[in-house]
Amino acid sequence: MNIQQNVALKTFNTLGVNAFAEYMTQVSSIDALKEVIEYASDSNLPIKVLGGGSNVVLANEVSGLVLQYTNDSLEMLSEDEEYVLVRVGAGLNWHEWVMSSLSKGWFGLQNLAYIPGLVGAAPVQNIGAYGVEVKSVIRLVRGVMLDTGEEFELSNEACQFAYRESIFKHELNEKVLITSVDFRLSKTPQVDVSYAPLDQMAKEQGMPTPLTLANWVIEVRKSKLPSPDILPNAGSFFKNPVITFQQFDRLSEQFDHVPSYPQKEGVKVPAGWLIDQMGFKGKSFGPVSVHKQQALVLINEGGSGEDVLAAAQQIKQAVFDRYGIAIEQEPRIFQ
Ligand code: FAD
Ligand code: NAP
């Protein structure tokens, strides 16, 4: 067990917050994980599970033990003519997994290319992009309970996946470490180009193969989203609100051309549009600013986690005051 004290976390979070972990360790096997859990329990240290740090806001001093699981194994569990079932270690880089699955002729992850982070975090917020959510290909999530070290497995249904949601943000919030995810991928190429930029490219260049589609997604993302290496950010800072049909009718009476995407449970309104309409693109809140091209992204230039949360709070309040809509923040807070 190699547990380090007072570890700088600046390179472990894409917002570039200059935080420190009271203790930190990385492990790559379930046995080692259980040892660390026992040690943390004996030492009364709360465990904070960190993946790639692309969806977290860190406090300056993160108390307890920051734990990163680095196992990046890939195991074929079964295969038939139509599907493969593959178990992937939680420590594998997400984008690397997407591209390696496509290179093997396993399809389903192409719209989710170029999302930062590790495989283990994908079920936590049921990552989604360009009309596809990871829940559509997850069969099983395996992990370890942080209080007892006991292993568990959860079926897709038991994960309670919803729009950027799962049981891991609620009942099991901060209670588990996900060690692997089982994916069921198709051997039959299918593509979803329902989002406008992809639809446009398909009209110009013809229907893509899944690999071409992944490359289109990478191209569009590179052109629209700031790279955290250059402008530290955590992707979309706010979730798109899903409001009731009545709320949407009232909103459309007050404001012209509100973009909307009807869902089963209500109407999804892009949070980026709400923020943009207030003229917030490029606006600074101390060291934190709204990205010039993408109103959902907050850029942190040297600020603390508190600075980021303070900026987010002002934006949330302004949206609420103007539209009466409460937008929720997406990244998780580490204290
Ligand atoms: P972290 O940020 O390290 O952790 C996030 C949460 O998951 C924390 O609560 C953490 O405790 C928990 N967690 C992490 N690993 C585990 C584990 N093994 N077991 C249990 N809990 C764990 N998200 C999307 O959904 N769609 C996008 O298109 C998208 N694009 C992005 C673009 C950019 C430029 C950036 C910076 C972020 C983007 N995100 C997107 C957000 C983020 O990349 C994803 O949510 C990603 O899954 C987070 O992975 P991570 O490993 O960095 O998790
Ligand atoms: P975009 O294409 O400019 O669209 C703006 C918003 O409208 C998105 O949030 C998207 O919702 C919604 N939308 C667009 N077309 C839609 C359709 N046909 N059906 C339903 N909803 C639609 O978005 P973008 O900012 O460039 O991002 C592209 C994709 O990458 C989105 O899916 C977005 O979620 C994802 N992304 C996520 C993060 C993150 O950190 N979570 C960061 C960057 C990009 P959805 O967000 O629900 O798809």
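For reference, positions follow the sequence shown, starting with 1. Whatever order the structure lists them in is the order used to number ligands and atoms, beginning at 1. Computed from a predicted model, the values in this text were never measured in an experiment.
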Return all side-chain donor-acceptor pairs below 3.5 angstrom for residues 215-224, not counting sequence neighbours, or 'none' if the list is empty.
unit_1: Asn215; atom_1: ND2; unit_2: Leu211; atom_2: O; d: 3.3
unit_1: Ser223; atom_1: OG; unit_2: Val220; atom_2: O; d: 2.8

Less than 3.5 Å apart, which donor and acceptor atoms pair up between the side chains of residues 45-57 and the rest of the protein, not counting sequence neighbours?
unit_1: Lys48; atom_1: NZ; unit_2: Ser63; atom_2: O; d: 3.0
unit_1: Lys48; atom_1: NZ; unit_2: Ser63; atom_2: OG; d: 3.3
unit_1: Lys48; atom_1: NZ; unit_2: Gln335; atom_2: O; d: 2.5

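Looking at heavy atoms from C-beta onward, Ile315 lies out of side-chain contact with Phe237 at the 4.5 angstrom threshold. Put simply, the side chain of Leu146 does not reach to within 4.5 Å of the side chain of Glu174, judged on heavy atoms. Contact check for Val191 versus Phe107: no side-chain heavy atoms found under the 4.5 Å cut-off.
Taking every non-hydrogen atom of Gly117 and a distance limit under 4.0 Å, the qualifying atoms of ligand 1 come out as 49 (O), 50 (P), 51 (O), 52 (O). Counting atoms of ligand 2 from 1 in the listed order, those under 4.0 Å from a heavy atom of Gln294 are 24 (P), 25 (O). Using a 4.0 Å cut-off to heavy atoms of Phe334, the atoms of ligand 1 that qualify are 11 (O). Counting the atoms of ligand 1 from 1 in the order shown, those under 4.0 Å from a heavy atom of Leu177 are 19 (N), 20 (C). Each of the atoms 40 (O) of ligand 2 lies under 4.0 Å from some heavy atom of Gly235. Each of the following atoms of ligand 1 lies closer than 4.0 Å to a heavy atom of Val176: 20 (C). The ligand atoms of ligand 1 that sit less than 4.0 angstrom from a heavy atom of Ala129 are 28 (O). Of all atoms in ligand 1, listed by their number and element, those nearer than 4.0 Å to a heavy atom of Val124 are 7 (O), 21 (N), 22 (C). The Pro270 neighbourhood of ligand 2 comprises atoms 6 (C), 7 (O), with distances under 4.0 Å to a heavy atom of that residue. Atoms of ligand 1 lying under 4.0 Å from at least one heavy atom of Ala234, given by number and element, are 35 (C), 36 (C), 37 (C). Close approach of ligand 1 to Gly53 (heavy-atom distance below 4.0 Å) involves ligand atoms 1 (P), 2 (O), 3 (O), 50 (P), 52 (O). Proximity to Glu330 (heavy-atom distance under 4.0 Å) selects the following atoms of ligand 2: 39 (C), 40 (O), 41 (N).
Using a distance-only test at 3.5 Å, with no hydrogens or angles considered, a donor-acceptor pair links the side chain of Asn111 to the main chain of Asp192.
At a heavy-atom distance under 4.0 Å, atoms from both the backbone and the side chain of Ser236 approach ligand 2. Residue Ile115 touches ligand 1 through its side chain alone, judged by heavy-atom distances below 4.0 Å.
For ligand 1, the polar-atom distance check finds no N/O of Leu50 at less than 3.5 Å from any of the ligand's N/O atoms. Remark: ligand 1 and Leu118 share an N or O pair separated by less than 3.5 Å (distance only, no angle test). For Gln125, a nitrogen or oxygen atom sits less than 3.5 Å from a nitrogen or oxygen atom of ligand 1, counting backbone and side chain alike. No N or O atom of Ala90 sits closer than 3.5 Å to an N or O atom of ligand 1.
To the nearest 0.5 angstrom, Met24 atom CE is 8.5 Å from Leu67 atom CG. The structure places CZ of Phe280 at 11.0 Å from CG of Leu298, a figure rounded to the nearest 0.5 Å. Atom OG of Ser166 sits about 9.0 Å away from atom CD of Gln125, to the nearest 0.5 Å. Of the inter-residue distances, the one linking Arg87 atom CZ with Ser78 atom OG reads 10.0 Å to the nearest 0.5 angstrom.
Here the shortest heavy-atom pairing between Ser289 and Glu301 reads OG-OE1, 4.5 Å. Here the shortest heavy-atom pairing between Ile299 and Pro226 reads CD1-CG, 3.9 Å.
Heavy atoms of Tyr163 come nearer than 4.0 angstrom to ligand 2 in at least one pair. In this structure, Arg221 has a heavy atom closer than 4.0 Å to ligand 1. Under a 4.0 Å heavy-atom criterion, Lys239 is not in contact with ligand 2. Contact annotation: Tyr130 has no heavy atom less than 4.0 Å from any atom of ligand 1. At least one heavy atom of Leu225 sits under 4.0 Å from some atom of ligand 2.
For atom 44 (C) of ligand 2, the closest heavy atom belonging to the protein is Arg221 NH2, 3.9 Å. Looking only at protein heavy atoms, the nearest one to atom 2 (O) of ligand 1 is Asn55 N, 2.7 Å. In this structure, the protein non-hydrogen atom closest to atom 47 (O) of ligand 1 is Ile127 CG2, 3.3 Å. For atom 48 (O) of ligand 2, the closest non-hydrogen atom of the protein is Tyr195 OH, 2.5 Å. Ranking protein heavy atoms by distance to atom 35 (C) of ligand 2, first place goes to Ala129 CB, 3.8 Å. Looking only at protein heavy atoms, the nearest one to atom 34 (C) of ligand 1 is Asn233 OD1, 3.7 Å. Given atom 33 (C) of ligand 2, the protein heavy atom at minimum distance is Arg164 NH2, 4.1 Å. The nearest heavy-atom contact from the protein to atom 22 (C) of ligand 1 is Val49 CG1, 3.7 Å. Regarding atom 23 (O) of ligand 2, its nearest protein heavy-atom neighbour is Lys224 NZ, 4.3 Å. Regarding atom 46 (O) of ligand 2, its nearest protein heavy-atom neighbour is Asn240 ND2, 3.2 Å. Of the protein's heavy atoms, Tyr261 OH, 3.3 Å lies nearest to atom 14 (C) of ligand 2. With respect to atom 38 (C) of ligand 1, the closest heavy atom belonging to the protein is Pro116 CD, 3.7 Å.
Under the 4.0 Å criterion applied to side-chain N and carboxylate O atoms, Lys187 and Glu79 are assigned as salt-bridge partners. With respect to Glu330 and Lys239, no salt bridge is recorded, no charged nitrogen being found less than 4.0 Å from a carboxylate O.
In this structure, the ring of Trp97 has its center less than 6.0 angstrom from the ring center of Phe183.
Both Phe238 and Ile243 belong to a common hydrophobic cluster when Ile, Leu, Val, Met, Phe, Trp and Tyr are linked at side-chain heavy-atom distances under 4.5 angstrom. Residues Tyr39 and Ile37 share a single hydrophobic cluster, defined by chaining ILVMFWY side chains whose heavy atoms lie under 4.5 Å apart. Residues Leu33 and Ile3 share a hydrophobic cluster, clusters being chains of Ile/Leu/Val/Met/Phe/Trp/Tyr side chains in contact below 4.5 Å. In the hydrophobic clustering of ILVMFWY residues, with side-chain heavy atoms under 4.5 Å counting as a link, Val66 and Phe20 come out apart.
Counting only heavy atoms, the protein never gets under 4.0 Å from atom 4 (O) of ligand 2.
Among Gly235, Gly128, Pro226, the residue whose heavy atom sits closest to atom 27 (C) of ligand 1 is Gly128. Considering each of Tyr130, Phe237, Tyr114, the one bringing a non-hydrogen atom nearest atom 31 (C) of ligand 2 is Tyr130.
With Asn126 as reference, Glu133 is the one residue of Glu133, Lys135, Lys169 to meet the side chain to side chain donor-acceptor pair (under 3.5 Å) rule.
Annotation: cation-pi geometry not satisfied between Lys316 and Phe320 (NZ/CZ under 6.0 angstrom from ring centroid, within 45° of ring axis).
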